[in-house]
Each structure stands twice: as structure tokens, then as C-alpha cells.
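A short write-up of the structure that comes next.
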There are 2 protein chains.
Amino acid sequence: MDNQRHQVIIADDHPILLKGLHEFLADLGLEVIGAFHNGKDALDAIVDSQPPLAILDLEMPEMTGLEVAADCKKLGLKTRVILLTLHKELKFYQQAKELNISGYILKEFALNDLRKAIDTVLSGQEFFSEKLFEGLKKEDCLSDHSLTPSELKILRLIADGHSTKEIAEQLFISERTVDKHRSNIISKLNLEKKHNSLLIWAQNNKDNLY
Amino acid sequence: MDNQRHQVIIADDHPILLKGLHEFLADLGLEVIGAFHNGKDALDAIVDSQPPLAILDLEMPEMTGLEVAADCKKLGLKTRVILLTLHKELKFYQQAKELNISGYILKEFALNDLRKAIDTVLSGQEFFSEKLFEGLKKEDCLSDHSLTPSELKILRLIADGHSTKEIAEQLFISERTVDKHRSNIISKLNLEKKHNSLLIWAQNNKDNLY
DNA sequence: CTAACAATACGTAGAAATACCTATTTTTCA
DNA sequence: TGAAAAATAGGTATTTCTACGTATTGTTAG
């Protein structure tokens with residue numbers, strides 16, 4: 001490892017985790033030049049000192065790790081971002097891929113995995129764990145069924161608790177059209193032929209409807 | 001503080017958090033005699049060395065922190081348990097109160113709160129944070145509306161995705177009765193007068209229907 | 001270009017959820 | 001014991017969701 005002199009900024013709204021991360025990075029020989037409890041403070045510090053690496057929690061008050069990364073990209077900073085997260089949710093993963101996220105690892109990962117991720121990212125490569133990929137494939141109920149954009153849009157509205165009539169009004173289309181879409185969604189998702197099965201499914205999977 | 005000689009066992013399936021907790025307790029002068037990634041190992045160690053304190057994550061593989069605490073009570077151990085958790089969910093809180101849980105704190109708490117909790121518990125008292133109480137009161141949609149046992153039972157079945165007909169069959173009562181209960185639940189919960197509003201509410205609050 | 005797909009729309013029908021009534025029996029508690 | 005609360009059941013009507021058809025218009029990829 002040639003991490004000896006690398007500077008890093010970290011942020012996590014869970015103090016215990018922040019402390020653990022801080023200690024661990026120090027053990028690795030990295031210099032933690034800033035540790036923050038929210039995204040906004042972290043971004044300010046990153047802009048100020050432009051370190052080669054920032055390790056950020058995904059879910060934080062003020063600004064999420066993703067938002068911080070987005071701003072870094074907008075500002076043209078060279079700071080690489082590794083996201084720490086509890087969830088292997090697809091919507092975040094997709095967004096992470098679109099931004100300049102260099103790594104995405106789960107908090108449940110072993111410290112050794114984290115060390116590997118840091119090494120990889122500092123050497124200029126990306127680190128998106130295999131474990132993460134597997135998990136995503138299993139959880140991704142949508143890609144398998146290849147819903148069309150309209151179907152997805154309607155599915156999101158259903159998940160938000162809107163009725164067919166409301167959806168029709170909102171999208172300026174006929175209720176019958178919405179009906180048809182619902183029908184198609186139900187077959188694609190292979191749902192039970194039972195009343196409200198689509199509504200129930202949508203309510204339970206609303207977080208995956210990125 | 002007179003924590004100088006106290007022994008403690010900790011467990012959390014998030015390695016970074018476990019490390020942070022370990023370091024923090026060491027800073028406080030406590031002696032961490034065991035740090036584990038799952039509940040089972042932690043329980044074994046607690047039974048072996050019967051320390052005065054154990055700080056456990058609520059959600060862990062093998063055994064949850066609650067299960068470990070339940071076993072400790074069953075075995076008559078004097079080890080006091082503080083639960084660490086990410087969620088302020090009522091169902092866990094209720095269970096925690098019924099077991100020999102001495103403290104229940106959120107991972108988002110400041111280190112100072114954690115220190116206070118440890119002091120309080122080691123001195124023989126309980127620590128259930130005020131913040132936690134407030135949060136629970138807000139999230140507890142049920143106690144305010146005083147649903148009857150039957151109404152709760154039906155609400156749970158609705159949350160499980162069952163239709164009125166299915167519920168009637170399952171409970172050996174008329175569909176009309178279920179209708180009436182639904183109606184009453186809707187007024188008690190003050191839901192919108194809109195189709196499926198009860199179903200949507202039930203789906204979104206199923207975790208609070210302990 | 002054309003064949004496939006997507007989005008649009010309509011008709012008919014049935015199952016389900018809800019509203020707003022009334023009414024009886026059972027339980028609970030003061 | 002007597003009153004209140006809860007659980008039970010029914011009637012009638014409306015709205016919504018879903019199924020299963022058909023059919024027209026764009027769009028797009030081979």
C-alpha cells in the first residue's frame with residue numbers, strides 16, 4: 001500500500017460509525033483531514049481542501065452522499081468518492097453509477113473489504129463489490145419484466161396512492177388507457193389475479209421504483 | 001465516572017460500527033472482553049463471563065439483540081443489556097420494555113448520549129432516551145386512536161394483503177361485519193374518504209401493527 | 001420499408017371497497 | 001345489576017380495480 005500520505009474526508013451521521021471509520025483509516029495510514037456529521041459540511045471541506053478521497057454515508061441530513069458527489073462532479077473536482085450505505089437499493093446504485101462515484105460499499109462489509117475498496121479507488125479504478133451486484137440482481141424486480149416507460153410512470157403513481165382516475169387526469173390520458181397499462185403491468189409482474197394485488201405490490205415495492 | 005474496571009461485551013454486524021464502539025468504550029475506560037459480529041457468539045460469551053454490561057445491535061444475524069436479551073433473562077444472568085438500533089420502531093421498543101433491557105438507544109445518537117446511557121445503566125437505572133420517546137409518540141398511530149382488539153386483528157390481515165372476503169372466512173364472521181370494522185377503523189384513523197385509503201395506510205404502516 | 005412494439009382508447013362485466021343506514025347479541029366495567 | 005362498549009349482521013348504493021376483448025396511431029429497429 002502506498003496510502004501513507006493520502007488525505008481523506010469522511011462523513012456519516014452515525015457518530016459511532018464515524019469514529020470507527022476514522023480510527024480505521026488512521027490505522028491504514030491515511031490522514032483524515034475532516035470528519036463531519038452531515039453532507040453539507042463535508043462538501044464545504046472537500047471544496048476547500050480537495051483531497052484525493054472522500055468516504056461518505058449515503059443517507060445524511062442536509063445533503064446525502066450522492067448529492068455531495070453530484071456537486072463535486074459539477075465543480076470539476078478530482079476528489080474520488082466512496083459511498084457507504086446500509087442498503088443495496090437499486091435506485092441508489094443506478095444514480096451512483098451515473099455520477100462520479102468511484103466506489104459503493106455496504107456498511108456490513110468486513111473492514112478488509114473496505115481496505116480493498118480504498119486501495120482500488122486510490123489507484124484510479126472503481127470498486128463496486130461483487131456481493132453488491134448479486135444482491136441487486138435479486139432485488140431488481142423490474143429489469144426482469146422490462147416495463148415500458150409509461151408503465152413505470154403509472155406504477156410510480158400507483159405506489160404514491162393515486163387511483164386510476166387521478167392518474168388519467170394527471171397524465172392527460174383516458175382512464176381506459178391507464179386500465180390497459182395496469183393490466184399489462186400485472187401480467188408482466190406475474191401478479192395474482194386478485195383485487196388490489198397491483199396496489200399492494202406497488203405499495204410494498206415503492207422504494208425500488210426509481 | 002467509575003467505569004474504570006467494568007467489563008463489557010459488544011456485538012454488531014457492521015464491522016465499522018463495531019470498531020467505533022470498541023474504541024469508544026476503551027476511551028471511556030471500560031474493558032471490552034468480547035466483540036462479535038452476531039448474536040449467538042455474543043450470547044455464548046455473555047454466558048461464559050457474565051459481564052455487568054452488554055451492548056448489542058438489535059438487528060444481527062443468527063440472533064437479534066432482543067433474542068440475546070431474552071435468553072439472558074431466561075438464564076437469570078445479571079448482565080444488563082443496552083440495545084443499539086437504527087430504528088425507532090414501536091414494536092421493538094415494546095418488546096424491549098418487556099425484557100430485561102436496561103437501555104435502548106439509536107445509532108444516530110451522539111457519543112455523549114451513549115456515555116450517559118452507559119453510566120446510567122451501570123449505576124443500576126434504566127436509560128430510554130427522551131428523544132426516543134418523542135419519536136415513538138409521533139409514530140405510534142395506534143394508541144391514539146384506541147382501536148379495539150378485533151379492529152387491530154382485521155387491520156393486520158388487511159396489511160397482509162387479505163380481502164374482506166378472505167378475512168371474513170378466516171375469522172368465521174360475516175363480510176358485513178368486516179365491512180363495519182373497516183368503516184370504524186377508517187373513522188378512527190381519520191383516513192381520507194377515498195377508495196383503498198385503508199389498504200394503502202395498512203400497507204405503509206404494517207410494521208407498526210405489533 | 002415494414003414488422004414489432006408502445007401508447008392510445010373503447011365496451012362489457014364482475015369482484016371488491018367504501019359509505020351510510022339499522023339492529024341484535026355479547027362483553028365489560030363501574 | 002345496568003349502562004356502555006364491542007362484536008355481530010344485514011340493506012343499498014357508489015366508486016374503483018381488474019379481466020378480456022378490439023382497434024387505431026405512432027415510433028423504432030432490423
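Note that the structure is a prediction, hence the values are computed from the model and not measured. Letters A, B, ... mirror the listed sequences (proteins, then strands); counts begin at 1.
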_Pair B:Asp119 + B:Arg115: basic N to acidic O under 4.0 Å_ = yes
*Just how far, in rounded Å, is P of C:dA16 from NZ of A:Lys193?*
15 Å
*B:Asn184 CG - C:dC21 P separation (whole Å)*: 13 Å
*Could you state the CD-C1' distance from B:Glu192 to C:dA19, rounded to the nearest angstrom?*
15 Å
_Donor-acceptor under 3.5 Å (A:Thr79 side chain, A:Pro51 main chain)_ = yes
*Can you name the one residue among B:Val68, B:Leu86, B:Leu83 that meets side chain to side chain contact (heavy atoms under 4.5 Å, CB included) with B:Leu58?*
B:Leu83
*Which whole-number value in Å describes the distance from B:Asn196 CG to D:dT16 C1'?*
7 Å
*Does the side chain of B:His181 get closer than 4.0 angstrom to OP1 or OP2 of D:dT8 through an N or O atom?*
yes
For nucleotides 23-30 of chain C, tabulate all protein N/O to nucleotide N/O atom pairs closer than 3.5 Å, reporting atom names and distance.
none

_Other residues, nucleotides, ligands: >12 heavy atoms within 6.0 Å of A:Glu192 CD_ = no
*Of all of residues 162-178 of chain A, which get a heavy atom below 4.0 angstrom from DNA chain D, listed by number?*
A:Ser163, A:Thr164, A:Lys165
*Using atom types as modelled and distance alone, determine if a side-chain donor or acceptor of B:Asn38 lies under 3.5 Å from a backbone N or O of B:Asp41.*
yes
*Do any side-chain nitrogens or oxygens of B:Thr148 fall under 4.0 Å of OP1 or OP2 in D:dA7?*
yes
*Identify, between B:Pro149 and A:Ser183, the residue whose nearest nucleotide on DNA chain D lies closer to the 5' end.*
B:Pro149
*On a plain distance test, is the side chain of A:His195 in donor-acceptor contact with the base of D:dT18 below 3.5 Å?*
no
_Interatomic distance where CG belongs to A:Asp179 and P belongs to D:dA19 [whole Å]_ = 10 Å
*Check whether any side-chain heavy atom of B:Leu84 lies under 4.5 Å from a side-chain heavy atom of A:Ile16, and answer yes or no.*
yes
*So does A:Arg182 pair up with A:Asp179, basic N to acidic O under 4.0 Å?*
no
*State, to 0.1 Å, how close B:Pro52 and B:His6 come at their nearest heavy-atom pair, and which atoms those are.*
CG-ND1, 4.1 Å
*Given atom CD of A:Gln203 and atom C1' of D:dC17, what is their separation to the nearest angstrom?*
14 Å
*asked:* Does D:dC17 have its OP1 or OP2 closer than 4.0 Å to a side-chain nitrogen or oxygen of A:Ser197?
replied: no
*N-O pairing of B:Asp160 and B:Arg156 below 4.0 Å*: no
*asked:* Rounding to an integer number of Å, can you tell me how far B:Ile186 CD1 sits from C:dA17 C1'?
replied: 8 Å
_Length of the line joining A:Arg182:CZ and C:dA6:P, which is rounded to integer Å_ = 20 Å
